[in-house]
Amino acid sequence: MGRRTVIAFALLVLVGCVVEDIAIDVLYTDKNLEFAFHTGILKKPVALIDIRITSNTGTLIWDLATYDRSQVTFYPSLVHEKQGDQFILKEREDIPELNAQIVSRLIFGKVPEGFTQYYPRQDQVPILGNNQTYEIFVTGVRHRGRAQFAVN
């Protein structure tokens, strides 16, 4: 494999990957726990499709998404389809509408516009315990980020 082939292959792989490049700032204010999301040196706002907070033991605390989670749990954009003796890659037609939403700041417990709360139930507020460590995970289109934080 020549140098150009290796570079072209590496670029192809990177284009199809999800990159962990969303920075998350955890902000403790007098009244709220807030999160600020951005990318790059210029701290550009981020378009997100889901937000999850878990405890340090992995227990789900808060789950938000811009798409209907009841329809899918995993949504690859390409699937294998058998044609004769061969399998070909074909683009899926049943991918849910993700509707990425720009979220620059999030107040814990307040569902941002364009998102649906999947856990806890929509009429319940998520609860954080004192002296616990948590992790927030966010996913955008081909971007993601995570950060740990503590509540004292």
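- L27 CG to F149 CZ: the interatomic distance, rounded to the nearest 0.5 Å, is 11.5 Å.
- For the 3.5 Å distance criterion, the side chains of Y67 and D50 qualify, holding a donor opposite an acceptor.
- Counting heavy-atom neighbours within 6.0 Å of F137 CZ, excluding the residue itself, gives a total above 12.
- Expressed to the nearest 0.5 Å, how far OG1 of T54 lies from OH of Y134 amounts to 10.0 Å.
- With rounding to the nearest 0.5 Å, the separation of CG in N152 from OH in Y28 is 7.0 Å.
- Of the inter-residue distances, the one linking I53 atom CD1 with E135 atom CD reads 10.5 Å to the nearest 0.5 angstrom.
- The shortest side-chain heavy-atom distance between L106 and W62 falls under the 4.5 Å cut-off.
- I51 and L60 are assigned to two separate hydrophobic clusters, defined by single-linkage of ILVMFWY side chains at heavy-atom distances under 4.5 Å.
- Between A100 and T66, the shortest heavy-atom contact is N-OG1, 4.3 Å.
- Counting heavy atoms from C-beta on, the side chains of F108 and P126 come closer than 4.5 Å.
- Residues passing the side-chain contact (heavy atoms from CB on, under 4.5 Å) test with I107 are N32, E34, K110, sequence neighbours excluded.
- Judged purely by atom type and a 3.5 angstrom limit, Q117 has no side-chain atom pairing as donor or acceptor with the backbone of F115.
- By the 4.5 Å heavy-atom criterion applied to side chains, I24 and I136 are counted as neighbours.
- Here the side chains of T116 and V111 are not in contact, with every heavy-atom distance at 4.5 Å or above.
- To the nearest 0.5 angstrom, L48 atom CG is 5.0 Å from I22 atom CD1.
- In plain terms, the two heavy atoms of A65 and Y118 that are nearest each other are CB-CE1, 3.8 Å.
- Following chains of ILVMFWY side-chain contacts shorter than 4.5 Å, one cannot reach Y119 starting from V138, and the two form parts of different hydrophobic clusters.
- Applying the side-chain hydrogen bond (donor to acceptor under 3.5 Å, both in side chains) test to residues at least two apart or on different chains, the pairs with a partner in residues 122-131 are R121-D123.
- From Q132, atom CD reaches atom OG1 of T59 across 9.0 Å, with rounding to the nearest 0.5 Å.
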